[in-house]
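A note on names: the letters A, B, ... follow the listed sequences, proteins ahead of strands, and every chain is numbered from 1.
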Number of protein chains: 2
Amino acid sequence: MNMGPMTIGEAAKASGVSVKMIRYYDEVGLVRPASRSEGNYREYDTRAVNELRFIKRARALGFDMAEIAQLLSLWRDRERPSREVKAIAQRHLADLDTRIREMQAMADTLRHLAHCCAGDDRPDCPILADLGGADLGRADHTTL
Amino acid sequence: MNMGPMTIGEAAKASGVSVKMIRYYDEVGLVRPASRSEGNYREYDTRAVNELRFIKRARALGFDMAEIAQLLSLWRDRERPSREVKAIAQRHLADLDTRIREMQAMADTLRHLAHCCAGDDRPDCPILADLGGADLGRADHTTL
DNA sequence: ATAGACCCTCCAATGATGGGAGGGTCAAGC
DNA sequence: GCTTGACCCTCCCATCATTGGAGGGTCTAT
């Protein structure tokens with residue numbers, strides 16, 4: 001296997017990150033190519049490809065670019081205190097949990113409304129009634 | 001209470017939707033003002049304000065604008081079959097459930113990793129190890 | 001030399017929302 | 001009547017990560 005510099009397309013295949021996104025990460029300074037060729041092509045080495053994979057995995061865990069920038073710089077720093085990594089992870093985790101709870105509240109309400117809806121030819125519909133601000137039997141399931 | 005046409009600011013207060021968003025809903029054709037004043041001010045009646053509230057509630061349940069456009073047109077149609085409303089709600093519900101499951105998988109993985117991280121001065125960190133593609137003890141918690 | 005696959009940069013759009021600039025309208029008080 | 005301040009108008013821009021395309025240059029194999 002050729003371990004020399006890769007083109008952006010090769011780095012994309014090796015990392016699973018799209019060519020477009022690799023260019024974007026370069027542009028925002030997250031992962032810069034090791035060098036440029038004579039013809040101005042980006043050249044990536046295995047280290048850069050590992051960083052791209054790192055980003056891909058971090059994105060899959062829901063981290064945003066700002067968090068990934070921090071994680072990446074900690075990853076590059078062999079002296080990092082794991083405390084800092086854990087803090088970022090826990091902050092993100094709390095964020096995830098909040099969003100999950102919000103979406104679950106939506107889903108629960110919606111499930112209840114859909115369950116109460118006949119879903120036939122008739123126009124009467126508790127879903128629309130709720131959205132329209134029905135005053136009947138509220139205060140329980142509608143509280144988000 | 002004055003039931004005549006309201007200005008956009010009054011409609012915003014009455015509906016809980018921001019002035020900016022009311023203008024946006026007008027622009028995209030979701031809720032158009034009942035009329036325009038001499039001075040080109042948008043004028044909203046109670047019906048429009050009810051529709052704004054409808055949108056607000058639907059947004060709180062996570063519906064996107066395309067879904068809301070459909071729900072709104074069903075709401076306006078007294079002949080609608082509740083089946084159609086229910087179908088939209090159930091599609092959205094399935095979507096929500098999928099997203100919730102995805103986020104829960106992220107959160108579970110992250111919780112596990114954070115739990116395994118000492119979070120002290122030392123650089124060793126299972127979180128970074130996982131992001132970096134560690135080959136040790138995978139295949140269980142890392143499967144998204 | 002030419003075809004085809006690849007690469008480059010720049011621009012635009014996504015969805016819902018907020019922010020602001022620059023300017024017009026209206027009502028109250030003088 | 002005129003000023004002031006609150007309100008309104010229409011544009012434009014930014015967000016966040018990602019994708020798409022246009023227009024054009026580079027490389028490789030035939």
Side-chain angles (χ1 to χ4, degrees), chain A residues 2 4-44 48 52 54-72 92 95-96 99 102-103 106, chain B residues 2 4-44 48 52 54-72 92 95-96 99 102-103 106:
Chain A
N2 178 10
M6 300 180 214
T7 65
I8 196 173
E10 289 163 346
K13 264 174 211 152
S15 66
V17 178
S18 76
V19 168
K20 279 281 189 189
M21 288 314 296
I22 297 181
R23 286 202 194 99
Y24 173 69
Y25 296 151
D26 178 10
E27 185 192 330
V28 300
L30 213 46
V31 177
R32 295 206 185 284
S35 56
R36 290 274 187 152
S37 77
E38 267 187 50
N40 201 31
Y41 283 17
R42 288 172 182 81
E43 295 180 318
Y44 290 91
L52 291 172
F54 181 98
I55 293 175
K56 194 188 179 187
R57 174 90 182 118
R59 288 292 299 137
L61 289 180
F63 289 102
D64 63 24
M65 304 304 288
E67 291 166 328
I68 291 178
Q70 299 178 63
L71 290 171
L72 206 45
H92 176 52
D95 205 62
L96 273 178
R99 301 213 307 267
E102 287 170 355
M103 295 182 72
M106 293 179 191
Chain B
N2 179 11
M6 302 181 213
T7 65
I8 196 173
E10 290 163 347
K13 265 175 211 151
S15 66
V17 177
S18 76
V19 167
K20 279 279 186 190
M21 289 314 296
I22 296 180
R23 288 202 193 98
Y24 175 69
Y25 297 151
D26 179 10
E27 184 192 330
V28 300
L30 257 191
V31 178
R32 295 207 186 285
S35 55
R36 290 274 186 153
S37 76
E38 266 187 54
N40 200 31
Y41 284 17
R42 288 173 183 81
E43 295 179 318
Y44 291 91
L52 291 172
F54 180 99
I55 294 174
K56 192 186 182 191
R57 175 90 182 119
R59 288 291 302 137
L61 289 180
F63 289 103
D64 63 25
M65 305 304 288
E67 291 166 328
I68 291 177
Q70 298 177 64
L71 290 172
L72 207 44
H92 175 53
D95 205 65
L96 272 179
R99 300 213 310 267
E102 286 171 355
M103 295 183 72
M106 293 180 191

**Request:** Please report the shortest heavy-atom distance between B:R99 and B:D95, naming the atom on each side.
**Result:** NH1-OD2, 2.7 Å
What N/O pairs connect the protein and nucleotides 27-30 of chain D at under 3.5 Å? Give each pair on its own line.
unit_1, atom_1, unit_2, atom_2, d
D:dC27, OP1, A:G39, N, 3.4

**Asked** Hey, what do you get for CG (B:L52) to CD1 (B:I22), rounding to the nearest 0.5 Å?
**Response** 5.0 Å
**Prompt:** Between A:E27 (CD) and D:dC16 (C1'), how many Å, whole number?
**Reply:** 13 Å
**Prompt:** Between B:T7 and D:dC8, does any side-chain N or O lie under 4.0 Å from OP1 or OP2?
**Reply:** yes
**Nearest-angstrom distance from the residue atom CE of A:M6 to P of C:dC6** = 16 Å
**Message:** I want to check one thing: is the phosphate of D:dT26, taken as OP1 and OP2, less than 4.0 Å away from some side-chain N or O of A:R36?
**Reply:** no
**Request:** Please check if any side-chain donor atom of B:S35 sits under 3.5 Å from a side-chain acceptor atom of B:E43, or the reverse.
**Result:** yes
**Any B:R42 side-chain nitrogen or oxygen under 4.0 Å from OP1 or OP2 of D:dC9** = yes
**Complete:** To the nearest 0.5 Å, atom OH of B:Y44 lies from atom CD1 of B:I8 at 4.5 Å
**Prompt:** At what angle, to 10 degrees, do the two end axes of the helix from C:dA1-D:dT30 to C:dC30-D:dG1 meet, given five pairs define each axis?
**Reply:** 40°
Restricting both atoms to N or O, compile the protein contacts to nucleotides 17-20 of chain D shorter than 3.5 Å, with distance only.
unit_1, atom_1, unit_2, atom_2, d
D:dA17, OP1, A:M65, N, 2.6
D:dA17, O3', A:R59, NH2, 3.0
D:dT18, OP1, A:R59, NE, 3.2
D:dT18, OP2, A:Y25, OH, 3.3
D:dT19, OP2, A:S18, OG, 3.4
D:dG20, N7, A:K20, NZ, 3.2
D:dG20, O6, A:K20, NZ, 3.0

**Prompt:** Roughly, in whole Å, what's the span from CD in B:E43 to C1' in D:dC7?
**Reply:** 14 Å
**Prompt:** Which is it for B:L71 and B:I55 under the side chain to side chain contact (heavy atoms under 4.5 Å, CB included) test, yes or no, and what are the steps along the way?
**Reply:** CA-CA 9 Å; B:L71 290 172; B:I55 294 174; over 6 Å; no
**Request:** May I have the distance from A:I8 (atom CD1) to D:dT26 (atom P), rounded to whole angstrom?
**Result:** 17 Å
List the atom pairs, with distances to 0.1 Å, where a side-chain N or O of residues 61-70 of chain B and a protein N or O form a donor-acceptor pair under 3.5 Å, not counting sequence neighbours.
unit_1, atom_1, unit_2, atom_2, d
B:D64, OD1, B:A66, N, 3.2
B:D64, OD1, B:E67, N, 2.9
B:E67, OE1, B:D64, N, 2.9

**Message:** Show me the pairs that pass salt bridge (Lys or Arg N to Asp or Glu O under 4.0 Å) and involve residues 23-32 of chain A, at least two apart or across chains.
**Reply:** A:D26-A:R32, A:D26-A:R36, A:D26-A:R42
**Request:** Starting at OG of B:S15, measure out to CZ of B:F54 and round the result to the nearest 0.5 Å.
**Result:** 14.0 Å
**Prompt:** Between atom CG in A:D26 and atom C1' in C:dC7, what is the gap in whole Å?
**Reply:** 13 Å
**Request:** Could you list the residues that satisfy salt bridge (charged side-chain N to carboxylate O under 4.0 Å, His left out) with B:R59, not counting sequence neighbours?
**Result:** none
**Asked** Could you state the interatomic distance from CG (A:L96) to CE (B:M106), rounded to the nearest 0.5 Å?
**Response** 7.0 Å
**Fill in**
From OH of A:Y44 across to C1' of C:dC8 the rounded distance in Å is 12 Å
**Request:** Starting at atom CD1 of B:I22, determine the distance to atom C1' of D:dC8, rounded to an integer number of angstrom.
**Result:** 13 Å
**Request:** Go through the steps for A:Y24 and A:K20 under the test side chain to side chain contact (heavy atoms under 4.5 Å, CB included), then give the verdict.
**Result:** CA-CA 6 Å; A:Y24 173 69; A:K20 279 281 189 189; over 6 Å; no
